[in-house]
Amino acid sequence: MFNTLSEKLDSAFKNLSGSGKLTEINVAQSIKEIRRALVAADVNYKIAKEFTDKVKDKAMGSKNLLKAVKPGEMMVKIVMDEMVELMGGQSVGINVKGNPGVVLIAGLQGSGKTTFTGKLAKFLKEKKRHKVLVAACDVYRPAAINQLTVLAESIGVDIYKEIDNKNPIDIAGNAVAYAHQNNYNVLIVDTAGRLAVDEEMMNEIEGIKNAITPTETLFVVDSMTGQDAVNTAAAFNEKINYDGVVLTKLDGDTRGGAALSIKYTVGKPIKFASTGEQMDALDVFHPERMASRILGMGDIVSFVEKAQEQFDEKEAKRIEKKIKKNKFDFNDFLGQLNQIKKMGDIKSLLGMIPGMSKLKDIDIDDNAFSKVESIIQSMTPHERANPDVLNMSRKKRISKGCGRNIHEINMFIKQFNQMRKMMHMMSKGNGMNQMMEKLNNMQGFK
Amino acid sequence: MSIFKKYFTKDKKEDLDKGLEKTKKSIFGKIANAVAGKSKVDESFLDELEGILISSDVGLDTTVKIIERLEAKVAEVKYLNTSELNSILKRVIVDILAENNTEDLEDFVYPDYHRPYVLLVVGVNGVGKTTTIGKLAYQYKKRGKKVVLGAADTFRAAAVDQLKIWADRNEVQFFSKGMNTDPAAVAYEAVQYAMNEDAHICIIDTAGRLHTKKHLMDELTKIKNSINKKLPGAPHEVMLVLDATTGQNAVEQATKFTEATDVTSLAMTKLDGSAKGGVVLSISDQFKIPIKYIGVGEGIEQLQIFNKASFVDSLFDG
């Protein structure tokens, strides 16, 4: 497993390889690299320093590191383990026991509170079978109440709102009474975004909390947040002593160092990860994935999960049969392409594979498939099902149909046949060596 | 607007004499503290400076650049007192901003030989696009301009309502085709509407989108193209809104949005708050796109014209 950080660390160690053993100096050098990686991922500067100092002590005391062939990788492992331990710990669910259980949602402007409120409501309704009510207490931002109304409707959850009431503390209190009277199991209270330095607004959120005594208070934070995450998280914690943190917008390419900073500063568990604008894009937090992401090492687990989401077992069995009979055709190929495309943008997918994160800088055309598609789509149904019938006159017609020249058609058919042969061979369980040989001879795969 | 205020007040509070109350809040104060009793810029001072800059989201690359330039400058002069050092550092930072090669605006103005002047507003989710549009509409309306707001965020729940409220609040015109309609069509027709109404300026709101989502970025390109189809030369300005609390991902955002829509101006929101604003340096250093506006509060008037000199002053004068 290669990746930029451990490669960098390896080279930091190699520079001093003559000495034959690790010294404090070359550990210090690699610690500096790690610190830079953390800071580049938006981990708070001071925390990065403290954290790496701790790692340094561990590394110096580690006999394994001294013996390691690749000290860089070993070092990364120490860092990873330390991060996972810090961000993880026992996974704790949210407490919605009560009559009703009350969840208070708080955070900065634009962090994604209202969207999260919708997602959590859907989660509690569908996965936990609760009768859920959401309350709209953002009386400031234009149309915030409408936004929650639309979301609630889309997921089939009731909403409590008071259009003309400008006092969120009252609304929240009334919502609790209403939920109690109407036998809701859970009430989720959405609030306005506020800056940690806005004293008046911070007093207000404290007031709301005191008025409704929630069973669970969640602090919602944008995973793209920079160095200030620490101050904000601490300020909110001081006022409302929240139970957990929700990280949003993790479907982007942010390295998400804020997660580490916040956990380090306030010690509160990260309970949910929010990964998209759809109402079911909610996930439990995985510390090992987050650690790998912060270090810029990709997120293989998410990659596999994403692939699994799109995976259709029946279809896979059918294809497997066809391959065994050497009947894999253009229709099947097109189907496979579509499955891959469903997984999303190729670049971001590649970025999830460890060691491939470097590829992000290379320009990969997401339309790379379109050429192949246009060729296949210019074939007749008969041709698609019977790749062997393609003769010159058919190829010429296809060339005209898709606007690609005959050379491109030939290239594609050749590659397709090679791929087909290879898949067939694999399915028969022929030796791996033979296959590798074929792979090496294949054009376009180098 | 004291960008670095929080960081400094928190850090060295107890160490400092009460008489230095004001100075200690600024970079100057911090540096004065770092170099007290020293006559040269040494390793520990540079380390401390690095910490100050990075903790303000200046980012590694730009921080290194600032430090290298500072080192080069102080190498020329042997002896330094704190005020000299302060002014050299200030100079270095002003230079970095100046290399951005853009002129500061004096007021809320735009090239008014375009009529309507079409402004397309883009950005990731939750940065404050709609709020910024509301504040801009207020400024232009106040200057006697006829403003049309086009609601091309047809995706996020109640986004159209949100923009409508801003239009009503400012008493400017509003164009929408409702939710879940084709945003490119909305943009096209909003420009048409602005042309029919002989409006001065047409501001088009779009849905927030993460820059990593290829299909959504393609959609943005399509919106831009459809505006251009209606009115050749338009949009005359594509403004990317960035949240100043964002860390290094802001650079990715600027890169990807520029690829999709040729961003021509930037607005930085949520600069009120605390130890933020360093990202302004980082973005200015890495992109040649002018920062035009900064959001410094929730009030309708709290959108300001970005001015390099006063920004740097605010970094230094607590």
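Proteins come first, then strands; the chains are lettered A, B, ... in the order of their sequence lines, and each starts at number 1.
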Trainee: Do you know the tightest heavy-atom contact between A/Gln147 and B/Ala158?
Mentor: N-CB, 3.2 Å
Trainee: Show every donor-acceptor pair shorter than 3.5 Å between a side-chain atom in residues 248-255 of chain B and any protein atom, with sequence neighbours excluded, or say none if there are none.
Mentor:
from     : atom 1 : to       : atom 2 : distance (Å)
B/Asn249 : OD1    : B/Gln253 : NE2    : 3.3
B/Asn249 : ND2    : A/Asp253 : OD1    : 2.9
B/Thr255 : OG1    : B/Val251 : O      : 2.7

Trainee: Is B/His211 in contact with chain A via its backbone, its side chain, both, or neither, using a 4.5 Å heavy-atom distance?
Mentor: side chain
Trainee: Tell me, side chain or backbone of A/Arg255 under 4.5 Å from chain B's heavy atoms, or both, or neither?
Mentor: neither
Trainee: So what's closer than 4.5 Å to chain A heavy atoms on B/Ile54: side chain, backbone, both or neither?
Mentor: both
Trainee: Return the set of residues passing ring-ring contact (aromatic ring centres under 6.0 Å, His included) with B/Phe155 (not counting sequence neighbours), or none when no residue passes.
Mentor: none
Trainee: Just so I understand: if I count every heavy-atom pair under 4.5 Å between each of B/Arg156, B/Arg169, B/Arg209, B/His215 and chain A, which residue has the most?
Mentor: B/Arg156
Trainee: With only heavy atoms counted, which part of B/Glu50 is less than 4.5 Å from chain A, the side chain, the backbone, both or neither?
Mentor: both
Trainee: Hey, could you give me the OG1/CG distance between A/Thr248 and B/Asn125, rounded to the nearest 0.5 Å?
Mentor: 9.0 Å
Trainee: So do B/Glu298 and A/Leu195 actually touch side chain to side chain, heavy atoms under 4.5 Å?
Mentor: no
Trainee: Is it the side chain or the backbone of A/Asn146 that comes within 4.5 Å of chain B heavy atoms, both, or neither?
Mentor: both
Trainee: Indicate yes or no for a side-chain donor-acceptor contact from B/Lys270 to the backbone of A/Gln109 under 3.5 Å, with no hydrogens or angles considered.
Mentor: yes
Trainee: If I measure from the heavy atoms of chain A, does B/Val160 come under 4.5 Å with its side chain, its backbone, both, or neither?
Mentor: neither
Trainee: Measuring from atom OG1 of B/Thr131 to atom CZ of A/Arg141, what distance do you get when rounded to the nearest 0.5 angstrom?
Mentor: 7.5 Å
Trainee: Got more than 12 heavy atoms from elsewhere within 6.0 Å of CD, B/Glu71?
Mentor: yes
Trainee: Chain B: which of A/Gly110, A/Ala143, A/Pro142 shares the most heavy-atom pairs with it under 4.5 Å?
Mentor: A/Pro142
Trainee: Please round to the nearest 0.5 Å and tell me the distance separating atom OG1 of B/Thr246 and atom CG of A/Asp42.
Mentor: 9.0 Å
Trainee: Could you look at A/Asp198 and say if it's the side chain, the backbone, both or neither that has a heavy atom under 4.5 Å from chain B?
Mentor: neither
Trainee: So, taking the atom named CG in A/Asp251 and the one named CG in B/Leu210, what distance separates them when rounded to the nearest 0.5 Å?
Mentor: 5.0 Å
Trainee: Is there a side-chain contact between B/Val124 and A/Met224 (heavy atoms, below 4.5 Å)?
Mentor: yes
